[in-house]
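Proteins come first, then strands; the chains are lettered A, B, ... in the order of their sequence lines, and each starts at number 1. Treat the numbers as computed from the prediction; the structure is a model and nothing was measured.
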Amino acid sequence: MKQKLEALILQAIDVLKKDGILDGGVSPKFTIEHARDAQHGDFATNIAMMLAKPAKSNPRALAEKIVAALPVDSAVARVEIAGPGFINFFIDPNAQYQIVQKIHDDGSQFGLSRTGAGQRVQVEFVSANPTGPLHVGHGRGAAYGSVVADLLEAAGFEVHREYYVNDAGRQMDILATSIWLRYLEECGEIIPFPVNGYRGEYIREIAAEIHKASGNEYRRPAELLIENIPVDEPQGGDKETHIDALIERAKTLLGSGLYQDIFQVGLKTILQDIKDDLAEFGVNYQEWFSERMLMESGAVDEALNRLQQAGYLYEKDGATWFASSRLGDEKDRVVVRENGQGTYFASDIAYHMNKLHRGYDRIINIWGADHHGYIPRVKAAMQALGADESKLTVLLVQFAVLYRGEEKVQMSTRSGEFVTLRQLRNEVGKDAARFFYVMRRSEQHMDFDLKLATSRTNENPVYYVQYAYARICSVFRQLDEKNWARDLLEGMKHLPLLKEEHELNLIGTLARYPEVLERSALNYEPHQLIHYLRDLATDFHTYYNAHQFLVDDPALRNARLNLISAAKQVMANGLELLKINAPEVM
RNA sequence: GCGCUUGUAGCUCAGCUGGAUAGAGCAUCGGCCUUCUAAGCCGAGGGUCGCAGGUUCGAGUCCUGCCAAGCGUGCCA
């Protein structure tokens with residue numbers, strides 16, 4: 001309907017241009033909005049006010065001329081000029097009813113668009129280090145990222161969902177060493193566990209598995225392990241040097257083959273756990289991209305070479321630096337450390353180069369807000385490599401702070417006492433978890449109240465939408481019990497009987513769905529869809545309380561059934577996109 | 001210090017990219033179940049949109065400066 005009005009307005013503008021009222025060169029920049037107040041009709045445009053200045057006219061006078069030039073259309077019942085110069089459109093109800101038929105015809109396809117057709121988008125999200133289970137902080141990125149990806153797909157984009165697996169680097173060595181140390185404990189060795197090691201219970205479990213499967217194959221005496229190792233922090237040493245020395249010792253004592261065994265078991269176990277966790281959360285990927293494979297392919301070296309050729313690398317203090325400050329970053333960044341090892345950033349440059357080579361039209365990274373300082377350097381790298389950095393969009397997701405009622409839930413990675421995503425899912429369920437995560441704008445710092453999400457009573461917003469869906473299902477069950485068959489054609493024919501305010505409101509809301517979906521997708525704002533579904537549920541609940549659907553008059557009854565059936569379809573489509581269950585009974 | 005994000009009702013948040021009288025939910029108060037699920041509905045109260053300027057027909061929304069909160073500012077990832 002919006003597009004239709006836009007076309008009509010543009011025609012009117014052309015007429016005015018021909019008549020010399022408007023200068024031919026003016027480009028009409030205007031909006032068409034749903035009127036908030038029913039007094040203002042169904043749609044309103046501000047075009048007269050936008051063009052008043054170039055036309056050297058006052059807005060209301062210009063509006064009169066635009067309205068006069070407006071072509072007649074059967075869908076437009078009436079046009080009014082109001083306020084400072086708004087043009088308000090009143091849509092013919094008969095035109096509005098068509099949406100019910102369209103929803104029925106399109107079914108699960110209703111709302112999908114072709115806006116992004118022919119464009120490929122890559123969405124990378126979560127990408128947590130495989131050094132432990134996902135926690136609730138990752139949950140928000142997972143829910144948000146997956147819905148953004150699904151929304152883009154609904155808007156016609158070809159979407160590639162990807163998880164970047166940091167399976168190389170120091171953190172992974174710390175993981176492997178932590179597992180080995182716990183394994184030695186299993187064997188009966190007495191060893192002090194490093195403060196900087198991974199202390200979670202899952203490390204012990206992996207260690208126990210290895211011990212069960214391989215016995216003492218990886219056992220080495222504790223004396224050899226701690227011999228000449230710099231002391232740990234509690235003993236007055238440096239925890240970083242301490243753990244680095246332990247890693248080196250582990251590699252020496254085990255030899256690279258056995259060390260790799262431990263490393264791989266740790267990686268595989270944890271990565272599999274993450275994959276299962278996400279799948280159960282309704283989050284799926286096309287690709288799990290390995291940092292290690294990237295390095296082995298020589299891509300990192302190649303990226304550095306290209307930066308070198310472009311003149312952006314230099315040596316200082318024994319390290320190799322990327323002159324990112326020349327491209328808008330705060331300062332230059334190290335890409336190769338003094339010890340000859342590439343930094344995480346170096347891999348990331350190669351990774352983004354790889355993404356670019358794959359030819360995506362858009363590259364979307366979803367990061368935790370704590371990584372925001374990282375954006376300028378990645379964009380700088382893309383520029384330095386001659387790439388169009390505007391293809392890259394980084395969406396930041398703020399942290400969720402967990403509450404249980406009034407009480408803040410403490411999280412600490414170090415102690416291993418963090419709340420995992422799995423624990424959250426078990427406590428509040430997949431539906432509520434996804435709903436709550438995506439309910440807020442991603443940049444909003446969010447309070448996640450576990451008590452509210454689990455409450456099975458009035459105050460929980462998740463059930464509000466689901467309840468509306470279940471109620472509609474229930475109406476159709478009642479219909480069967482009364483042995484009244486639903487007559488679809490009869491209902492469609494008598495849609496004009498739906499004249500109640502509640503019915504017209506519901507129809508108007510249903511008609512908005514495609515726009516909401518598209519805006520939600522293009523702005524990467526899933527919360528708009530959530531808010532829409534709540535509005536839709538409200539319209540239905542209100543209608544439900546005000547009127548009876550299963551009335552004796554078959555014409556009215558079937559018309560109403562068609563309307564609520566359309567509402568049911570849109571709710572199902574919206575919830576399906578959010579991967580939230582639409583229950584037939586509650 | 002600098003940078004990013006945020007600041008809207010008692011609380012948690014929307015506000016359609018600058019539009020008409022700033023909206024929801026929760027909480028508070030008052031009503032509605034002998035007919036389709038009361039996990040619902042109807043009504044009431046509650047606002048200096050952090051503060052101060054600016055831009056214009058028009059600002060919660062844009063620009064500047066303050067104030068406050070969170071995060072960042074590693075040869076960690």
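At a cut-off of 3.5 Å, with distance as the only test, a side-chain donor of D167(A) or S290(A) sits close to an acceptor on the other residue. Donor-acceptor pairing under 3.5 Å is recorded for the side chains of T115(A) and E518(A).
Between the CG atom of N505(A) and the P atom of rC42(B) there is a distance of 11 Å, rounded to whole Å. Between the OH atom of Y532(A) and the P atom of rG15(B) there is a distance of 17 Å, given to the nearest Å. Rounded to whole angstrom, the span from the NE2 atom of H445(A) across to the C1' atom of rA68(B) amounts to 13 Å. Following rounding to the nearest Å, Y543(A) (OH) and rC41(B) (P) show an atom-to-atom distance of 16 Å. One atom, CD of Q171(A), and another, C1' of rG74(B), lie 12 Å apart when rounded to the nearest Å. R333(A) places its CZ atom 12 Å from the C1' atom of rC75(B), with the value rounded to the nearest Å. Atom CD in E240(A) sits roughly 11 Å away from atom P in rA77(B) (whole-Å rounding).
Between F43(A) and H34(A), the two ring planes are tilted [angle within 30° to 60°].
Taking 4.0 angstrom as the limit, R60(A) places none of its side-chain polar atoms (N or O) nearer than this to OP1 or OP2 of rC57(B). Within the 4.0 Å cut-off from OP1 or OP2 of rA77(B), at least one side-chain nitrogen or oxygen of R337(A) is found. Close to rA14(B), at under 4.0 Å from its OP1 or OP2, lies a side-chain N or O of Q444(A). When the side-chain nitrogen and oxygen atoms of K2(A) are compared with OP1 and OP2 of rC16(B), none of them lie within a distance under 4.0 Å. For the OP1/OP2 pair of rC42(B) and a distance below 4.0 Å, the side-chain nitrogens and oxygens of T542(A) include at least one atom meeting the criterion. For rA77(B), the OP1/OP2 oxygens have no side-chain nitrogen or oxygen of R170(A) closer than 4.0 Å. The side chain of R471(A) contributes an N or O atom lying less than 4.0 Å from OP1 or OP2 of rA38(B). Distances shorter than 4.0 Å separate some side-chain N or O of H527(A) from OP1 or OP2 on rG15(B).
The residue A470(A) sits close to a base: some heavy atom pair falls under 4.0 Å. Residue contacts shown for V336(A) are absent, as no nucleic acid heavy atom lies under 4.0 Å away. Counting any heavy atom pair closer than 4.0 Å across all strands shown, E338(A) reaches a base atom. Note on A546(A): nothing from the nucleic acid sits closer than 4.0 angstrom, heavy atoms only. Heavy atoms of A44(A) sit under 4.0 angstrom from at least one base atom. Nucleic acid contact for N88(A): base, since at least one base atom lies under 4.0 Å from a heavy atom of the residue. Counting any heavy atom pair closer than 4.0 Å across all strands shown, K331(A) reaches sugar-phosphate atoms only and no base atom. Here D535(A) lies out of heavy-atom contact (under 4.0 Å) with every strand. Across all strands, N46(A) comes closer than 4.0 Å to base atoms (heavy-atom distances). At the heavy-atom level, R512(A) lies nowhere under 4.0 Å from the strands shown. Among the atoms of the strands shown, base atoms are found under 4.0 Å from some heavy atom of Q548(A). Across all strands shown, H40(A) has heavy atoms under 4.0 Å from base atoms, whether or not it also approaches the sugar-phosphate. Using a 4.0 Å heavy-atom criterion, one finds that M172(A) contacts no nucleic acid atom at all.
Between rC32(B) and rU8(B), the two P atoms lie 37 Å apart (nearest whole Å). Separation of the P atoms belonging to rG45(B) and rU6(B) is 33 Å when rounded to the nearest angstrom. Taking the P atoms as reference points, rC11(B) lies 14 Å from rG50(B), given to the whole Å. Annotation: rU73(B) and rC66(B) have their C1' atoms spaced 23 Å apart (nearest Å). When the P atom is compared between rC2(B) and rG46(B), the two are found 42 Å apart, to the nearest whole Å. The same atom, C1', is picked in rC36(B) and in rG43(B); the two are 25 Å apart, to the nearest Å. Spacing between rC63(B) and rU56(B) at atom C1', rounded to whole Å, works out to 13 Å. Taking the C1' atoms as reference points, rC26(B) lies 37 Å from rG65(B), given to the whole Å.
Summary of the strand contacts: Q528(A) and H547(A) both lie near RNA chain B, and taking for each the nucleotide with the nearest heavy atom, the more 5' one is attributed to Q528(A). Nearest-nucleotide positions on RNA chain B for Y544(A) and N339(A) put Y544(A) closer to the 5' end.
In this entry rC33(B) has no Watson-Crick or G-U wobble partner, no candidate having both defining distances under 3.5 Å. Pairing partner, rG1(B): rU73(B), with both Watson-Crick or wobble hydrogen-bond distances short of 3.5 Å. Base pairing analysis places rA38(B) opposite nothing; no Watson-Crick or G-U wobble pair with both distances below 3.5 Å involves it. Across the strands present, rA22(B) finds no partner; the criterion is a Watson-Crick or G-U wobble pair with both atom distances under 3.5 angstrom. For rA52(B), the paired nucleotide is rU64(B), the pair qualifying as Watson-Crick or G-U wobble because both relevant distances are below 3.5 Å. Pair assignment for rG58(B) gives none, since no Watson-Crick or G-U wobble pairing has each distance under 3.5 Å.
Here rC13(B) is the nucleotide among rC4(B), rG19(B), rC13(B) with the atom lying nearest to any side-chain atom of H531(A). Comparing atom distances between the R440(A) side chain and each of rA14(B), rC36(B), rG19(B) picks out rA14(B) as nearest. The side chain of T31(A) approaches rU17(B) more closely than any other nucleotide in the set rU21(B), rC36(B), rU17(B). Taking every side-chain heavy atom of M49(A) into account, rC57(B) is the closest of rG72(B), rU5(B), rC57(B). Nearest to the side-chain atoms of R441(A) among the listed nucleotides rC36(B), rC41(B), rA14(B) stands rA14(B).
Side-chain to base pairing of D370(A) with rG72(B): no donor and acceptor N or O lie closer than 3.5 Å to each other. Counting atom types as modelled, H372(A) pairs a side-chain N or O with a base atom of rG3(B) as donor and acceptor under 3.5 Å.
Not less than 6.0 angstrom separates the ring centroid of Y437(A) from the ring centroid of Y144(A).
Here Y464(A) does not lie in a stacked arrangement on the base of rA39(B), lacking the combination of planes under 30° and ring centres under 5.5 Å apart.
Annotated as anti: rU28(B), whose glycosidic dihedral deviates from 0 by more than 90°. By the rule that a glycosidic angle within 90° of 0 means syn, rC67(B) does not qualify and counts as anti.
Using a 4.5 Å heavy-atom cutoff, the side chains of L304(A) and F322(A) are not in contact.
Figure legend: R471(A) and Y544(A) shown as a cation-pi pair, the cationic atom lying under 6.0 angstrom from the six-membered ring centre and within 45 degrees of its axis. The side-chain tip of R560(A) does not point at the ring of F549(A) from less than 6.0 angstrom away and within 45° of straight on.
The closest donor-acceptor contact from the side chain of N562(A) to the backbone of L488(A) lies under 3.5 Å. Under the 3.5 Å distance criterion, the side-chain polar atoms of R337(A) are left unmatched by any main-chain donor or acceptor of T343(A). Looking only at distances, a side-chain donor or acceptor of N339(A) sits under 3.5 Å from a matching main-chain atom of Q341(A).
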